[in-house]
Visitor: 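I'd like to ask some things about the structure below.
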Amino acid sequence: MDTDVIVVGAGPTGLLLAGDLAIAGTRVTVLEKRPAALSNLTRAFAVHARSLEVLDARGLADELVAKGQPVRGLRLFQRLTFSLADLPSRFQYVLVVPQYEVERLLRRRAEEAGAVFRYDTEVTGLTQDADGVTVATTGGPDLRARYVVGTDGARSTVREAVGIPFPGRAVIRSMVLADVRLAREPADALTVAVANDSLGFLAPFGDGWYRFIGWHGNRDVSEDEPVDLDEVRSIARATLHDDFGMSEPRFLSRFHADERQAPTYRKGRVLLAGDAAHVHSPAGGLGMNTGMQDAANLGWKLAAALRLPDAEGAAVLDSYDAERHPVGKQVLRASGGILRAATSRGPLAAVAGAVGIGIASRAAPIRRRAAGFISALGIAYPRPRGAHPLIGTRARDLPLDGGSRLAEALRVGQFVLVAPAGAPAPELPAAFGEVDPAERVLTRRADGGATTLLVRPDGYVADAAAGA
């Protein structure tokens, strides 16, 4: 084998995965067809609370927050407001920050941990057998690895090479995207507005630049049709009732939004994550976040599978698909629902939308549940019947003895056993006891809680019990 794992695609999903694998002692090679100097200026821009917690558990969140603009509330369709100030997290906001800043931090972490990067390298095909996967690339010899992970986007070569379908459809066409300067600052930091058969979205990057996404229902043109600033201003005035003096566009493009999901995220020794596994509308800003959370779930499982006999490793990897595929399906439905509510036409659709927005605006539980889903703090994985209710849920960032936090204890990439304050060292689970002592993380909580928690490397509760 040339390496243990080949990650195809150096976006946020692939970079987070490569860093986790390298820190776990795995030999990992990242293949990326882009040149190293070409950034993803045009892509995602919103990092939600759960993704910030994932980055916090890797020592990167505070540095990223310093580069972005925290937004503590979302306003949809001029009438529906979601406050994020009460999120049960250290990060009670959505962070608006360019994707290239996320990539910069994740790439640095992966490189420092020993991941090998090969840019200007395009995958042209792969074959797998019982022992590993052979990857063919441009400009070099074939590479051999025990596993391959496709994080190479909606047009994934990896997914196509192993014959995993990608069913779905385009849900909206001829959307425009622009990064601009504004002469006048909008009243709301983050706004989604619908009016005059048009949709508009405006968000600040925090450095003087703003991202605008717009759609005009009566203008369905080819994606090859150029976008000019006048078209962007026109959609902004139709939806936001002001173009805010937009000027100096650094990027203009036209795109369409698909809803697609692979029926499985694994075929043998090949796995999918991020946009290679699921794509959806930009509503809610969930794409990059869902991909990074895929990577956090997969990384420690893949590292474990490399140490286990094949049958046991396969069972661990099956749990990745079992946990993350339903989440991808939920994200597809939610983002699609937001988009359809925004773009539905006709009097009946208008009445239904008004009624739905009116109910949601007055129902605090609905708003809290929606905020929990969009932030991903409310996502939980299945647990066995009769098991402790905390199993499968996200572990809160508990204060620990010595003034540290659980997120800091998770930075070594291992399971963390958290005992009640002052309790004697609990008896370690059998599998935990077999781990090299240098890789064990045993600590005690400082919040007065009496529950003992075994926390997975991705920050979810693997087991829990009352007392020590």
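Throughout, numbering of the chain's residues begins at 1 and tracks the sequence.
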Visitor: Looking at Lys301 and Asp458, is there a salt bridge between them, counting it only when a charged N and a carboxylate O are closer than 4.0 Å?
Guide: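 Looking at Lys301 together with Asp458, the answer is no, because their closest N to O distance does not fall below 4.0 Å.
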
Visitor: When the ring planes of Trp300 and Phe415 are compared, do they come out parallel, tilted or perpendicular, using 30° and 60° as the limits?
Guide: perpendicular

Visitor: Between Asp2 and Arg144, is a salt bridge (Lys or Arg N to Asp or Glu O under 4.0 Å) present by the stated rule, with each step listed?
Guide: CA-CA 5 Å; Asp2 296 299; Arg144 181 92 171 142; over 6 Å; no

Visitor: Going through the distances and angles, do Glu112 and Arg109 end up as a salt bridge (Lys or Arg N to Asp or Glu O under 4.0 Å)?
Guide: CA-CA 5 Å; Glu112 290 175 351; Arg109 172 177 177 261; over 6 Å; no

Visitor: Would one find more than 12 heavy atoms of other residues, nucleotides or ligands at under 6.0 Å from atom CZ of Arg108?
Guide: yes

Visitor: Any chance you could lay out the side chain to side chain donor-acceptor pair (under 3.5 Å) test for Glu122 and Thr137, step after step, and finish with the verdict?
Guide: CA-CA 5 Å; Glu122 185 172 359; Thr137 69; over 6 Å; no

Visitor: Mind telling me whether Tyr460 and Tyr381 have parallel, tilted or perpendicular rings, with 30° and 60° as the class edges?
Guide: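 It falls in the tilted class, 30° to 60°.
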
Visitor: Less than 4.0 Å between a side-chain N and a carboxylate O, is that true for Glu111 and Arg107?
Guide: yes

Visitor: Please name the residue in the list Phe212, Phe45, Tyr210 that meets the ring-ring contact (aromatic ring centres under 6.0 Å, His included) test with Phe201.
Guide: Phe45

Visitor: Please tell me if the side chains of Tyr265 and His278 come closer than 4.5 Å, counting only heavy atoms from C-beta onward.
Guide: yes

Visitor: When you look at Ser89 and Glu53, which way does the side chain to side chain donor-acceptor pair (under 3.5 Å) test go after all the steps?
Guide: CA-CA 8 Å; Ser89 173; Glu53 291 183 343; 2.8 Å; yes

Visitor: Do Asp179 and Arg250 pass the salt bridge (Lys or Arg N to Asp or Glu O under 4.0 Å) test, and can you show the C-alpha distance, the side-chain angles, and the key distance before you say yes or no?
Guide: CA-CA 6 Å; Asp179 286 353; Arg250 66 177 178 182; 3.4 Å; yes

Visitor: Heavy-atom distance under 4.5 Å between the side chains of His48 and Gln293, does that happen here?
Guide: no

Visitor: Counting heavy atoms not belonging to Arg394, are there more than 12 under 6.0 Å from its CZ?
Guide: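 Atom CZ in Arg394 is packed in, count exceeds 12.
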
Visitor: Show, in sequence, the C-alpha distance, side-chain angles and deciding distance for Leu31 and Val135, and conclude whether the side chain to side chain contact (heavy atoms under 4.5 Å, CB included) test is met.
Guide: CA-CA 10 Å; Leu31 306 181; Val135 178; 4.2 Å; yes

Visitor: Compare every heavy atom of Ala395 with every heavy atom of Val461, then report the nearest pair and how far apart it is.
Guide: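 Taking Val461 first and Ala395 second, the nearest heavy atoms are CG2-CB, 4.0 Å.
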
Visitor: So do the side chains of His280 and Leu286 get within less than 4.5 Å of each other, counting heavy atoms only?
Guide: yes

